[in-house]
There are 2 protein chains.
Amino acid sequence: MSANSRMTTAVHVLTWMAFDRRGTDKEIATSQRIATSVNTNPVVIRRCLGELRDAGLVESIRGRSGGWVLTRDAGEITLLDVYRATGAEPIFGMHAASPDAECYVGHGIASTLTEVYDEATRAMCRVLESTTIRDVLRGSLADFPELREAQGLEPAPA
Amino acid sequence: MSANSRMTTAVHVLTWMAFDRRGTDKEIATSQRIATSVNTNPVVIRRCLGELRDAGLVESIRGRSGGWVLTRDAGEITLLDVYRATGAEPIFGMHAASPDAECYVGHGIASTLTEVYDEATRAMCRVLESTTIRDVLRGSLADFPELREAQGLEPAPA
DNA sequence: TCAAATGTAACAGCTTGTGCTACATTCGAA
DNA sequence: TTCGAATGTAGCACAAGCTGTTACATTTGA
């Protein structure tokens with residue numbers, strides 16, 4: 001059970017919603033139905049969707065026949081949006097205890113490392129930004145060309 | 001207390017060793033002395049150094065007047081070497097439970113996400129590879145030009 | 001022979017993620 | 001107007017990982 005699978009769950013949820021949106025039966029997406037695909041508990045899905053709603057990616061509808069809807073097209077949601085929405089921890093953590101300030105190395109290392117860590121994180125974020133939920137859906141349906149076409153998705157680039 | 005501060009501790013340890021190496025007193029680096037700068041327990045430092053030794057970055061000398069030495073110049077140790085040595089968890093975790101394979105989305109999403117995650121991780125690693133322990137030492141000593149020069153380090157680039 | 005160092009096991013305390021139950025709230029449909 | 005189905009949220013148990021610490025075996029130079 002790895003550290004940050006919340007991101008993966010959130011991407012799965014959004015991809016499922018994008019897939020379901022164009023399905024034949026026009027049922028609304030509920031936490032119960034999504035939980036079946038992700039293979040987890042509906043409360044876990046609701047917690048996840050709550051974060052996505054706070055970030056403006058989905059909206060919830062309360063009451064009977066309520067559920068969840070995407071607020072924009074799947075091609076307009078990047079994995080960077082999802083990464084930020086799930087409030088990911090910084091990839092690199094600083095010291096647990098402050099280094100000895102009287103040590104020359106301990107005095108300046110934190111700010112130096114922060115610069116490098118920030119740059120590395122930005123490089124990672126640029127990759128996430130280049131992929132959308134629509135891309136993930138296309139990749140996930142690679143084994144089912146007829147479904148992929150029904151969703152209006154072109155084949156994946158070579 | 002953030003997730004992965006082991007990396008930060010390891011970089012601090014190596015930077016301190018690079019600094020100490022050219023110091024006036026020719027004492028060998030011991031886990032006790034390093035722990036003072038990092039402000040933690042010597043056992044934590046020994047655990048860290050053990051990982052760095054397994055990766056070939058340092059060597060240990062047992063017995064009285066033993067300690068630790070770098071196996072190569074600080075300019076030849078990149079932060080990517082340290083990242084790998086500390087056995088970092090994958091940045092992105094997969095689902096805790098396997099998704100429903102009968103769901104079209106659940107069937108293919110894992111391999112699709114793995115591709116994107118791998119690419120993002122590679123982008124991050126490229127940045128880490130471009131920085132060495134020598135660079136970190138130079139940055140850490142930015143406030144002490146006379147020490148920086150004594151270490152034979154040019155000023156940081158603008 | 002002894003002191004100082006590494007090497008390692010074991011444990012407590014803390015934090016985080018996951019999965020679950022329980023229950024209040026909301027609101028469309030009968 | 002009532003009822004059922006959904007969201008919203010609190011709270012708990014369990015597992016895992018990191019940190020810090022004590023304790024002790026091992027090694028080896030002085």
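Throughout, a chain's letter reflects where its sequence line sits, starting with A, and its residues are numbered from 1.
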Closest-nucleotide 5' rank along DNA chain C - winner of B:Arg64 and B:Arg47: B:Arg64
For A:Arg62 and C:dT25, give me the distance from atom CZ to atom C1', rounded to whole Å. 5 Å
Name the closest nucleotide to the B:Thr30 side chain, picking from C:dA5, C:dG7, D:dG8. C:dA5
Nearest-angstrom distance from the residue atom CD1 of B:Ile28 to C1' of D:dT28: 13 Å
The nucleotide from D:dA23, C:dA4, D:dT9 with an atom nearest the side chain of B:Arg46 is D:dA23
Counting only side-chain heavy atoms from C-beta out, which of D:dA23, D:dG8, D:dA10 sits nearest to B:Val43? D:dA23
Please report, rounded to the nearest Å, how far the C1' atom of C:dT6 is from the CD1 atom of B:Ile34. 12 Å
What is the distance, to the nearest angstrom, from the CG atom on A:Asn41 to the P atom on D:dG11? 18 Å
Figure out the CZ/P separation between B:Arg53 and C:dT6, and round it to whole Å. 11 Å
If we ignore angles and hydrogens, is there a donor and acceptor under 3.5 Å between the side chains of B:Ser60 and B:Arg53? yes
Would you indicate what B:Gly67 reaches in the nucleic acid, counting non-hydrogen atoms under 4.0 angstrom: base, sugar-phosphate, or nothing? sugar-phosphate
On DNA chain C, does the nearest nucleotide to A:Gly63 precede the nearest nucleotide to B:Ser31 from the 5' side, or the other way round? Give the residue. B:Ser31
If you count every heavy atom of other residues, nucleotides or ligands that lies below 6.0 Å from A:Glu102 atom CD, does the total exceed 12? no
For C:dA5, take OP1 and OP2 only and decide whether either is under 4.0 Å from a side-chain N or O of B:Ser60. no
Just the rounded figure in Å: distance from P of C:dT6 to CH2 of B:Trp68. 7 Å
B:Arg6 atom CZ is separated from D:dG17 atom C1', nearest whole Å, by 9 Å
Salt bridge (charged side-chain N to carboxylate O under 4.0 Å, His left out) contacts in which one or both residues fall within residues 116-131 of chain A, not counting sequence neighbours: none
Rounded to the nearest 0.5 Å, what's the gap from CD1 on B:Ile109 to CZ on A:Phe19? Could you check? 12.0 Å
What pairs of residues pass the ring pair (Phe, Tyr, Trp, His ring centres under 6.0 Å) test when at least one of them lies in residues 121-152 of chain B, not counting sequence neighbours? A:Tyr104-B:Phe144, A:His107-B:Phe144
Can you measure A:Gln32 atom CD to D:dG4 atom P for me and round it to whole angstrom units? 18 Å
